[in-house]
Amino acid sequence: MSLQLRLFGGNSDAGKVTTNNDGGHAIDKSKALAATDAGVITPKTPGNFSSIRSVPVVPDPRYFDREQADALKNLAKEKTDGARQSKRAYKSLAKIEAADKTVHKEHRKYEGAVAQNELGKKRADTGLAKKLHGMRPGYARLGLGIDKADSDARTRIDEIKTKLTGGSN
């Protein structure tokens, strides 16, 4: 198997006309508009609007003792560092998403170019097919001319034979 076939795969039907091409299509709108992942946020899948709450809401004014205040201070330091790290992580995730989008977009541009060039190739093939069909009458005339020349030659040969042999073959 060639390297090209291993890299890009092969289609045993390539170049063969397998169906009547009457301008129909197999473009599935639901597939074109389908989310790239089940967890992606779209108007149809808006997410769950969840949030994060590290401590419960204090519903009423109250006093805290030293032990509670120290524990909350330590928790605040921990959560502040966690928020800083989360911010870095989300920023990186956003960059990864942007890179994925770029690759996706460029691949679709490539596929569009392939499709456009395939159409150009098929137009060229169609032009050649039409030109060849237009030449068929000329080839038919040439063939009939050869057939007539062959027939005329056989007739003359038969006449010569008849003349030379005196009527018997």
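Since the structure is predicted, the reported quantities are computational estimates derived from the model, not experimental observations.
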Near Ile52 CD1, under 6.0 Å, is it more than 12 heavy atoms from other residues, nucleotides or ligands?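 No, the 6.0 Å shell around CD1 holds no more than 12 heavy atoms from other groups.
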
Count the heavy atoms of every other residue, nucleotide or ligand shown that sit under 6.0 Å from CD of Glu67, and state whether that count exceeds 12.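 Not buried by this count: 12 neighbours or fewer within 6.0 Å.
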
Can His133 and Lys130 be said to form a side-chain contact (heavy atoms from CB on, under 4.5 Å), step by step? CA-CA 5 Å; His133 277 297; Lys130 287 178 181 179; 5.7 Å; no

Between Arg53 and Pro56, which heavy-atom pair has the shortest distance, and what is it?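 Nearest pair, atom of Arg53 first, then Pro56: CD-CA, 4.5 Å.
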
Specify the closest pair of heavy atoms between Gly134 and Pro137, including all atoms of both residues, with the distance to one decimal.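 Where Gly134 meets Pro137 most closely, the heavy atoms are O-CD, 3.3 Å.
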
Hydrophobic clusters here meaning ILVMFWY residues chained together by side-chain heavy-atom distances under 4.5 Å, can you tell me if Leu128 and Met135 are in one?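 Same hydrophobic cluster.
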
Listed by chain and number, what are the ring-ring contact (aromatic ring centres under 6.0 Å, His included) partners of His107, not counting sequence neighbours?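 With sequence neighbours excluded, His107 shows a ring-ring contact (aromatic ring centres under 6.0 Å, His included) to Tyr110, given in chain and number order.
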
Asp125 and Lys122: CA distance, side-chain angles, deciding distance, salt bridge (charged side-chain N to carboxylate O under 4.0 Å, His left out) verdict: CA-CA 5 Å; Asp125 290 349; Lys122 293 293 109 190; 2.8 Å; yes

Just by distance, do the side chain of [X] and the backbone of [Y] share a donor-acceptor pair under 3.5 Å?
| X | Y | result |
| --- | --- | --- |
| Gln68 | Asp65 | yes |
| Ser54 | Lys79 | no |
| Thr45 | Ile41 | no |

Approximate separation, where rounding is to 0.5 Å, of [X] [atom1] and [Y] [atom2]:
| X | Y | atom1 | atom2 | result |
| --- | --- | --- | --- | --- |
| Asp70 | Leu75 | CG | CG | 12.5 Å |
| Asp28 | Leu33 | CG | CG | 9.0 Å |
| Lys91 | Ile96 | NZ | CD1 | 13.5 Å |

State whether Asp81 and Arg84 are salt-bridged, where the test is any N-O pair (Lys NZ or Arg NE/NH1/NH2 against Asp/Glu carboxylate O) under 4.0 Å.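 Yes, Asp81 and Arg84 are salt-bridged.
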
Electrostatic pair Arg156-Glu159, nearest N-O below 4.0 angstrom: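 Looking at Arg156 and Glu159, the cut-off is not met.
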
Sub-4.5 Å side-chain heavy-atom contact between Leu119 and Gln116: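 SC-SC contact between Leu119 and Gln116 confirmed.
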
Val40 vs Asp37 side-chain heavy atoms within contact, under 4.5 Å: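 A side-chain contact under 4.5 Å exists here.
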
Please go through Tyr90's hydrophobic cluster and name the other residues, only I, L, V, M, F, W, Y counting, with side-chain heavy atoms under 4.5 Å joining them.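 Members other than Tyr90 - counting any ILVMFWY side chain reachable under 4.5 Å - are Leu93.
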
Taking distance alone, no hydrogens or angles, what donor-acceptor pairs closer than 3.5 Å link side-chain atoms of residues 139-152 to residues at least two apart or in another chain?
from   : atom 1 : to     : atom 2 : distance (Å)
Lys148 : NZ     : Asp152 : OD2    : 3.0

